[in-house]
Amino acid sequence: MTDLLLQPYALNDELTLKNRILMAPLTRCMADDNLVPTEKMAAYYARRADAGLIISEATIIRPDAQGYPNVPGIFTSEQIQGWRNVTEQVHDQGGKIFCQLWHVGRVAHPHFFAGDVLGASAIGIEGTVPRMRELSYQTPKAASEAQIEQLVADYAKAAENAIEAGFDGVEIHGANGYLIDQFLHHSSNQRNDNYGGNAANRARFALEVVDAVVARVGAAKVGLRLSPGAYFLLDEGDEQDTAVFDYLLEQLNHRNLAYLHLGIFDDSMRFPYLGGNGSASQYLRKHYNGNLVGVGSYTPEQGAEAISNEEFDLLALGRPFIANPDLVAKVKTQKPLTPYTDDMLAELY
Ligand code: FNR
Ligand code: 8K6
């Protein structure tokens with residue numbers, strides 16, 4: 001069964017993956033204090049170059065995108081150089097790697113930068129920054145239309161920087177309750193201008209970012225991650241959100257992106273307002289025509305079965321890749337995987 005995972009897969013005319021196993025983006029908070037990727041990070045990614053495609057840990061597009069310590073950036077020349085070292089080592093091992101472009105929106109903390117925390121609306125989240133519990137989240141400012149225009153331009157510039165750094169493409173992080181997702185969900189977007197209210201307005205920011213990034217680097221090099229079910233850093237979703245995602249996916253069907261990637265920790269979660277059996281992957285498959293990446297607490301065997309049932313086309317694995325740098329080799333030789341445990345996050349191996 002897992003043979004299916006090991007077959008090559010053409011994303012489009014430009015990019016063919018050597019297998020259908022993707023390394024999911026995994027924040028590790030191990031960049032240096034200038035948010036530059038280190039030599040250890042290069043070795044960590046190169047060790048996993050057997051994946052059909054590595055998606056980098058989320059990488060911030062500009063200073064106010066930061067909500068966690070020591071996450072890498074892609075906006076200074078030093079950061080671009082650091083990433084170039086990573087992409088070269090991955091390429092030397094025969095791998096491919098995309099850069100996940102990230103702005104956390106209201107999950108940002110001014111401890112990390114000078115300036116305002118921006119969100120879709122002035123609605124904050126409860127709680128404190130992980131690993132820095134003394135920092136409580138603040139109420140964001142609603143981004144003005146001029147600030148939105150600048151954000152869109154900064155995503156496009158970050159994508160250009162990523163290509164300059166040698167990445168094979170970029171994945172726009174539109175999932176998991178961060179900035180783009182904050183525009184898509186009703187609980188975090190109560191604007192009454194062109195970016196709020198009806199479905200087209202709430203999807204506008206996401207589509208402007210996609211179009212600006214595509215214009216800069218080409219659709220064949222652009223993936224997008226979305227969380228149609230609200231489950232992380234957001235209040236519960238509802239039917240109003242579903243109308244937004246229905247509209248957004250219909251629009252994306254005309255964009256010819258490299259792939260669409262579900263953002264979720266466990267695909268057995270159910271969101272009744274998404275219809276069908278309530279799973280986020282089934283909802284995306286129903287509304288999206290292109291390459292779909294499934295994810296969320298799958299084993300390789302379960303993922304292969306889901307692919308053979310045409311539930312999605314490619315499988316991303318996150319925690320199993322932290323525990324098993326040699327994951328693909330183990331799947332090939334049918335060796336058991338080392339189970340993931342949270343203490344593995346302490347070190348980059
Ligand atoms: C994540 N995840 C995640 N997602 C994302 O889009 N960008 C990121 O930077 C991160 N960072 C991250 C760090 C850690 C430590 C974990 C465990 C998860 C989510 C990840 O990509 C994936 O969707 C989930 O981990 C579910 O897949 P697995 O781990 O069950 O295969
Ligand atoms: C994406 C960046 C931040 C770092 C992430 C660390 C993640 C830790 C892992 C587990 C968290 C699981 C949260 C799942 C939410 C489910 C809610 C029902």
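Indexing begins at 1, ligand by ligand and atom by atom, following the structure's order.
In this structure, of Gly296, Gly318, Pro25, the residue bringing a heavy atom nearest to atom 21 (O) of ligand 1 is Pro25.
Here is the list of ligand 1 atoms found below 4.0 Å of a heavy atom in Thr27: 8 (C), 9 (O), 10 (C), 11 (N), 12 (C), 13 (C), 15 (C). If you number the atoms of ligand 1 from 1 as listed, the ones under 4.0 Å from a heavy atom of Leu317 come out as 31 (O). Within ligand 1, the atoms closer than 4.0 Å to a non-hydrogen atom of Gln100 are 5 (C), 6 (O), 7 (N), 8 (C), 9 (O), numbered from 1 in the order shown. Heavy-atom proximity to Ala24, at under 4.0 Å, picks out these atoms of ligand 1: 21 (O). Close approach of ligand 1 to Arg319 (heavy-atom distance below 4.0 Å) involves ligand atoms 17 (C), 25 (O), 26 (C), 28 (P), 29 (O), 30 (O), 31 (O). The atoms of ligand 1 that sit less than 4.0 Å from any heavy atom of Asn176 are 4 (N), 5 (C), 6 (O).
Ligand 1 lies out of reach of Gly263, whose nearest heavy atom is not under 4.0 Å from it. For Ala175, the closest heavy-atom approach to ligand 1 does not fall below 4.0 Å.
Taking the six-membered ring where tryptophan is involved, the planes of His103 and Tyr155 are tilted, since the angle between them lies from 30° to 60°. Note: Phe312 and Tyr298 have perpendicular aromatic rings, judged against thresholds of 30 and 60 degrees for the angle between ring planes.
Ligand 1 has no N or O atom lying under 3.5 Å from any N or O atom of Glu57, backbone or side chain. The shortest N/O to N/O separation between Tyr298 and ligand 1 does not fall below 3.5 Å. The shortest N/O to N/O separation between Tyr340 and ligand 1 does not fall below 3.5 Å. Not one N or O of Pro320 is nearer than 3.5 Å to an N or O of ligand 1, by distance alone.
When heavy-atom distances to ligand 1 are checked against a 4.0 Å cut-off, His173 comes that close only through its side chain, counted from C-beta outward. Contact annotation: for Val295 versus ligand 1, heavy atoms closer than 4.0 Å belong to the side chain alone. Of all the heavy atoms of Leu345, the ones lying under 4.0 Å from any atom of ligand 1 belong exclusively to the side chain.
With sequence neighbours left out, Glu250 forms a side-chain hydrogen bond (donor to acceptor under 3.5 Å, both in side chains) with His254.
Checking side-chain atoms of His109 against main-chain N and O of Tyr137 turns up no donor-acceptor pair under 3.5 Å. Proximity of a side-chain donor or acceptor of Arg28 to a complementary backbone N or O of Glu347 within less than 3.5 Å is detected.
Listed here is the closest heavy atom pair of Asn70 and Asp32: ND2-O, 3.4 Å.
Between Arg62 and Asp154 there is a salt bridge, with a side-chain nitrogen of the basic residue lying less than 4.0 Å from a carboxylate oxygen of the acidic one. Salt bridge present: Asp313 and Arg285 bring a charged side-chain N and a carboxylate O closer than 4.0 Å.
Side-chain contact between Asp50 and Ile21: absent, with no pair of heavy atoms (C-beta onward) separated by less than 4.5 Å.
Every pair passing side-chain hydrogen bond (donor to acceptor under 3.5 Å, both in side chains) that includes a residue from residues 113-125 is listed here, sequence neighbours excluded: Asp116-Lys141.
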